[in-house]
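Atoms within each ligand, like the ligands themselves, are counted from 1 in listed order. Values below: every heavy atom of this structure, side chains too, minus hydrogens, waters and symmetry copies.
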Amino acid sequence: IELNYLYFPAQLNKDNVVEEISTGPGGMITFKVHRKLLKMLEPFGEEDAKFGFNSELFNTVKKGKTLVEFSSPNIAKKFHAGHLRSTIIGNFIANLKESLGNHVIRMNYLGDWGMQFGLLGAGFEQFGSQEKLNVNPLQHLFDVYVQANKEAEDNKEIQLAAREFFQKLEQHDSQAMSLWQQFREITVKEYQQVYKRLGVPFDVYSGESFHQEQAREVVQLLQTRGLLKTTERGTSVVDVSAEGDMSSCSTVLRSDGTSLYITRDIAAAIDRKEKFNFDEMIYVTDKSQQNHFLHLFHILRLMGHPWAESCRHVSFGLVQGMSTRRGEVVFLEDVLDEACARMLHNMQQATTTKEMADPGDTAEKVGMSALIVQDFRGPLEADYRFDWDRILQAQGDTGVFLQYTHARLRSTCAQKFVPNWLLIRMQVFINQLLFDEVLYQSNRDLQPRHLVTFLTKLR
Ligand SMILES: NC(=[NH2+])NCCC[C@H](N)C(=O)O
């Protein structure tokens, strides 16, 4: 049996494959293979579906509670390629952690607070429509926001109205809050449907809005701890430089006393630790926020939270040129629709499609896989150009190919007696063992590409 021992040879000395290694006369090396391998002689069973989730290798992996925060779009704003990547990668990490026996909390942290809600609220009061909001909520909220922004450029009145609306929100004025609440609920409901198409569930829809009170407390705390400095411009900052010489500062309070993105993030992290008592917390965003998270973790440490060490930012590269027939991508749904439509089109060129029971459904599933797999091919940090043709190729390391392989393997496994049954059985079993290692390795660097490489080699 030719096994691939490239991964962790040290751990694989004696493991779930090789029970004993001994040398004999004439330079002979004997590998005594584990009895479990006799399983190969048994027919396929239920446990084959659990594929590698109970290997001894995993006993060495630390288990606990993992909070993964991912996707996190902003209400009324564009859902850009970065949000799509965060959704797909975050889901991968959450699945991986779960399969390794961790308790995972999947959190979506919505951009649902800030000055932009002043503009959105005031804009909606002027040119919004309840009817349009019901029919096509995301589109309407986006349109209103864009229009409000444009008009605010040289319209003092709307600027004022926006500021007033946001003030009302900060003071929990019931009318303003109920409109805001409606925007939020409607957005979450829409997103849930789209996430479902990608097979991405969330346990918690949190958001910046939940932490505005706590953000005030954070500022107080920073003050009493002597960590807050006031600048000439009247803003309050925390020194986050390694040398403590103010060469790098993070602003936590504007001169008008309102909190910022990072202030709410500090509050949110502390709140999550209290609520969920996680063992590790992972944030998934594009690399443009690297400094933001470095500052966040630094400030948490300065505030005396040792668990800041168990917070981690998984960042990824930027995607260029993701567009659909409607032009530049604004909504997640458009990307998914486009993937499905293009897949269906490709399928219609192939002859086998005619025998399919539900080509639309197949196109949807294969299209989603194609989107996901193309994102996992390279190292996460790398930027890449989005290319529909490349993504939907039937050969190579694409989701289309993987789905095809999966279907073929399943139908082979479903047959009780195939001519080379033992050979196939053996291969499947060996792959199960290797799969353990792939998961193990993925857990070390949280890179999905190991999995894609493994799967594309699966025959
Ligand atoms: N805790 C966080 N800051 N998470 C990332 C949030 C991402 C943010 N809503 C954005 O779209 O850029």
Centres of the [X] and [Y] rings: under 6.0 Å?
X: Y261; Y: W113; result: no
X: H80; Y: H83; result: yes
X: Y191; Y: F202; result: no

- Query: Would R272 count as a cation-pi partner of Y109, with NZ or CZ less than 6.0 Å from the six-membered ring centre and within 45° of the ring normal?
  - Reply: yes
- Task: Using a strict cut-off of less than 4.0 Å between a Lys/Arg side-chain nitrogen and an Asp/Glu carboxylate oxygen, indicate whether K457 and D397 qualify as a salt bridge.
- Result: no
- Query: Does D337 pair with R197 as a salt bridge, N-O distance under 4.0 Å?
  - Reply: yes
List of N/O pairs, ligand 1 versus protein, all under 3.5 Å?
from: ligand 1; atom 1: 1 (N); to: E69; atom 2: OE1; distance (Å): 2.7
from: ligand 1; atom 1: 1 (N); to: D265; atom 2: OD1; distance (Å): 2.8
from: ligand 1; atom 1: 1 (N); to: D265; atom 2: OD2; distance (Å): 3.4
from: ligand 1; atom 1: 3 (N); to: Y261; atom 2: OH; distance (Å): 2.6
from: ligand 1; atom 1: 3 (N); to: D265; atom 2: OD2; distance (Å): 2.6
from: ligand 1; atom 1: 4 (N); to: E69; atom 2: OE1; distance (Å): 3.4
from: ligand 1; atom 1: 4 (N); to: E69; atom 2: OE2; distance (Å): 2.8
from: ligand 1; atom 1: 9 (N); to: S72; atom 2: O; distance (Å): 2.9
from: ligand 1; atom 1: 9 (N); to: N74; atom 2: OD1; distance (Å): 2.7
from: ligand 1; atom 1: 11 (O); to: N74; atom 2: OD1; distance (Å): 3.4
from: ligand 1; atom 1: 11 (O); to: N74; atom 2: ND2; distance (Å): 3.0
from: ligand 1; atom 1: 11 (O); to: H83; atom 2: NE2; distance (Å): 2.7
from: ligand 1; atom 1: 12 (O); to: Q289; atom 2: NE2; distance (Å): 2.9

